[in-house]
Amino acid sequence: KGLAASGVPYTVIRPCGLWDRPGGEFNVALLSNDANFGAMISREDVAAVVVQSLATDKVLGKTFSCINVPGYDVHAWKRDFPKIATI
């Protein structure tokens, strides 16, 4: 019996390689597939994604990966988070 079949509400967040760098240095990309080998994300940014996930029901039943990516607006992902339902 799988998690999805259990009927229990869930969200699976699959971070790629973890950095010990401070969070907020890079933007966060949310991907519907596994992150590319070698992609990294800070532990603090993973924690931010988890907290953001707890604040919305739009990610219930979703599985996604997260990675750090260069970007001008490092907080853009937070504004775009509700769009995760399309992943």
Task: 4.5 Å side-chain heavy-atom contact, E25 and V74 - done: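 No, every pair of side-chain atoms sits at 4.5 Å or beyond.
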
- [ ] For the residue pair L31 and I67, establish whether any side-chain heavy-atom pair is separated by less than 4.5 Å.
- [x]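 Of all side-chain heavy-atom pairs linking I67 with L31, at least one is under 4.5 Å.
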
- [ ] State plainly whether one hydrophobic cluster holds both L18 and V49, where clusters connect Ile, Leu, Val, Met, Phe, Trp and Tyr through side-chain heavy atoms under 4.5 angstrom apart.
- [x] yes

Open item on the list: Using the rule that Ile, Leu, Val, Met, Phe, Trp and Tyr join whenever any side-chain heavy atoms are under 4.5 Å apart, tell me whether V50 and V28 fall into a single cluster.
Closed with: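 Looking at the clustering, V28 is in the same group as V50.
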
Task: Pair D45, N68: side-chain N/O donor-acceptor within cut-off below 3.5 Å - done: yes

- [ ] Establish, yes or no, whether a centroid distance under 6.0 Å links the rings of W77 and F26.
- [x]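 Centroid separation for W77 and F26: 6.0 Å or greater.
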
- [ ] Indicate the atoms forming the closest heavy-atom contact of K78 with Q52, along with that distance.
- [x] O-NE2, 3.8 Å

TODO: Compare every heavy atom of G23 with every heavy atom of S42, then report the nearest pair and how far apart it is.
DONE: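 Between these two residues, the closest heavy atoms are OG-CA, 3.4 Å.
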
Open item on the list: With rounding to the nearest 0.5 angstrom, report the NZ to CD1 distance, K62 to I13.
Closed with: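 It comes to 13.5 Å.
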
- [ ] Measure the CZ-CE distance between R21 and M40 for me, rounded to the nearest 0.5 Å.
- [x] 9.5 Å

TODO: Measure from the side-chain N and O atoms of T11 to the backbone N and O of V59, and report whether any donor-acceptor pair falls under 3.5 Å.
DONE: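 The answer is yes, because a donor-acceptor pair under 3.5 Å joins these two groups.
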
Open item on the list: My understanding is that only one of C16, S53, P15 makes a side-chain contact (heavy atoms from CB on, under 4.5 Å) with C66; could you say which?
Closed with: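 One option only clears the test, and that one is P15.
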
